[in-house]
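Counting from 1, the numbers follow the sequence of the chain as shown.
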Amino acid sequence: MQKLDNMNILENSITPFLISVEKVAHVQPNNTIEHALLILIKSGYTSIPVLDTNFSLHGLISKAQILDSILGIERMEPERLQETKVADVMTTSIARCKDSETFEKVLSYSINHPFICVEDQSGAFLGIITRSKLLAYLNGYLHETKKKGRY
Ligand code: 4BW
C-alpha cells in the first residue's frame with residue numbers, strides 16, 4: 001500500500017489497489033449461464049467479469065441478470081440455464097480504465113460501480129479495483145491526516 005504522508009493522494013497510481021487477474025472470479029462468454037451461476041454462488045460475489053481465453057474483457061455477469069433471464073411469464077424456466085450462453089445475458093456496459101489511470105478517476109468511478117476493471121495499454125485485462133479497497137485506503141489516509149492535525 002502507498003505511503004499515507006503523500007498529500008497528493010488524488011494523483012496516486014492505482015496499481016497498489018489492483019486485485020490481480022488470477023484472484024478474480026470470472027467466466028467466459030461461451031460458458032452456459034448455469035456454469036456462471038455456480039461460479040457466482042461458490043465465490044459469493046454478486047457480479048463478476050466475463051473474459052475470453054486471451055484474457056480480453058467482454059462484459060460483466062450478475063446473479064440478478066441470470067435469474068431475470070430464466071424468468072418465464074408464469075414460472076421460472078430453469079431449463080434455460082443450460083441452453084443460454086453468458087454472452088447472451090451479460091452486460092457490456094463496464095466500468096473500465098487503463099493501469100495508468102489515477103486514484104481520483106477510479107474513486108469517482110467507484111461511486112456508481114462496486115468494482116472497476118483495469119486493462120493494460122494493449123487492452124489485456126489485469127484485474128479489478130474494488131470500492132472497499134479504495135475506501136479502506138481513504139479511511140486510513142483521513143485518520144493519519146487528522147492525527148497530524150492537518151484538518
Ligand atoms: O467472498 C468474499 N470475500 C470477502 N472478503 N468479501 C466479500 C466477499 N463477497 C462479498 N464481500 C463483501 C466485500 O466487502 O461484500 C461486498 C459486496 O460484494 P459484491 O461486489 O456485491 O459481490 C464486497 O465489496 P468489495 O470488496 O468492494 O467488492 C466489490 C465488488 O467487486 C463485489 C464483486 O462484484 C466484485 N469482486 C470483488 N472481489 C472479487 C470480485 N469479483 C470477482 N473476483 C473477486 N476476487
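- Side-chain heavy atoms closer than 4.5 Å link hydrophobic residues (I, L, V, M, F, W, Y) into clusters, and following such links, even through other members, never connects Leu38 to Leu81.
- Here the OG atom belonging to Ser47 is positioned 9.5 Å from the CD1 atom belonging to Ile66, to the nearest 0.5 angstrom.
- Glu101 and Lys98 are not joined by a salt bridge, as no carboxylate oxygen comes within less than 4.0 angstrom of a charged side-chain nitrogen.
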Side chains of residues 110-120: which donor-acceptor partners sit under 3.5 Å, not counting sequence neighbours?
from: Ser110; atom 1: OG; to: Leu107; atom 2: O; distance (Å): 2.7
from: Glu119; atom 1: OE1; to: Arg96; atom 2: NE; distance (Å): 3.1
from: Glu119; atom 1: OE2; to: Arg96; atom 2: NH2; distance (Å): 2.8
from: Asp120; atom 1: OD1; to: Ser122; atom 2: N; distance (Å): 2.9
from: Asp120; atom 1: OD1; to: Ser122; atom 2: OG; distance (Å): 2.8
from: Asp120; atom 1: OD1; to: Gly123; atom 2: N; distance (Å): 3.0
from: Asp120; atom 1: OD1; to: Ala124; atom 2: N; distance (Å): 3.0

Under the side-chain hydrogen bond (donor to acceptor under 3.5 Å, both in side chains) criterion, do Ser100 and Gln121 qualify, and how do the steps go?
CA-CA 8 Å; Ser100 55; Gln121 299 307 313; 3.2 Å; yes
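- Within the 4.5 Å cutoff, side-chain heavy atoms of Thr84 are placed close to those of Val89.
- For the pair Ser62 and Leu40, the minimum side-chain heavy-atom distance is 4.5 Å or more.
- Between Ser13 and Thr102, the closest side-chain pair of non-hydrogen atoms is not below 4.5 Å.
- Between His26 and Phe55, the angle of the ring planes goes over 60°, which puts this pair in the perpendicular group of the 30/60° scheme.
- Contact record, Val50 with Pro29: CG1-N, 3.5 Å, taken as the closest heavy-atom pair.
- Note that NE2 of His35 is 10.5 Å distant from CD1 of Ile61, once rounded to the nearest 0.5 Å.
- To the nearest 0.5 Å, the span separating NZ on Lys105 from CG on Leu10 amounts to 12.5 Å.
- Separation of atoms CD1 (Ile14) and CZ (Phe103) is listed at 10.5 Å; rounding is to 0.5 Å.
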Decide yes or no on side-chain contact (heavy atoms from CB on, under 4.5 Å) for Leu126 and Val21, but give the supporting numbers first.
CA-CA 5 Å; Leu126 296 176; Val21 57; over 6 Å; no
Verdict with reasoning, Ile9 to Tyr137, per side-chain contact (heavy atoms from CB on, under 4.5 Å)
CA-CA 10 Å; Ile9 178 176; Tyr137 175 66; 3.7 Å; yes
Check against side-chain contact (heavy atoms from CB on, under 4.5 Å), Gln28 and Val86
CA-CA 7 Å; Gln28 293 177 4; Val86 166; over 6 Å; no
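- The CD atom of Glu34 sits 10.0 Å away from atom CD1 of Ile70, with the distance rounded to the nearest 0.5 Å.
- You'll find the side chain of Ile39 stays beyond 4.5 Å of the side chain of Leu37, heavy atoms only.
- Without hydrogens or angle criteria, Glu11 side chain to Asn8 main chain gives no donor-acceptor distance under 3.5 Å.
- The shortest heavy-atom contact between Val27 and Ile48 is CG1-CD1, 4.1 Å.
- Counting heavy atoms from C-beta on, the side chains of Ser69 and Ile33 come closer than 4.5 Å.
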When the side chains of residues 71-78 are checked against the rest of the protein, which donor-acceptor pairs come out under 3.5 Å, sequence neighbours left out?
from: Arg75; atom 1: NH2; to: Glu79; atom 2: OE2; distance (Å): 3.0
from: Glu77; atom 1: OE1; to: Arg80; atom 2: NE; distance (Å): 2.9
from: Glu77; atom 1: OE1; to: Arg80; atom 2: NH2; distance (Å): 2.4

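- Cys97 SG to Ile129 CD1: the interatomic distance, rounded to the nearest 0.5 Å, is 5.5 Å.
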What verdict does the side-chain contact (heavy atoms from CB on, under 4.5 Å) test give for Leu142 and Lys146, after you've listed the backbone C-alpha separation in whole Å, the side-chain angles of each residue and the deciding distance to 0.1 Å?
CA-CA 6 Å; Leu142 291 174; Lys146 188 178 177 186; over 6 Å; no
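- Of all the heavy atoms in Ile128 and Pro49, the pair that sits closest is CG2-CG, 4.2 Å.
- In the hydrophobic clustering of ILVMFWY residues, with side-chain heavy atoms under 4.5 Å counting as a link, Ile19 and Leu135 come out apart.
- At least one side-chain heavy atom of His58 sits less than 4.5 Å from a side-chain heavy atom of Asp52.
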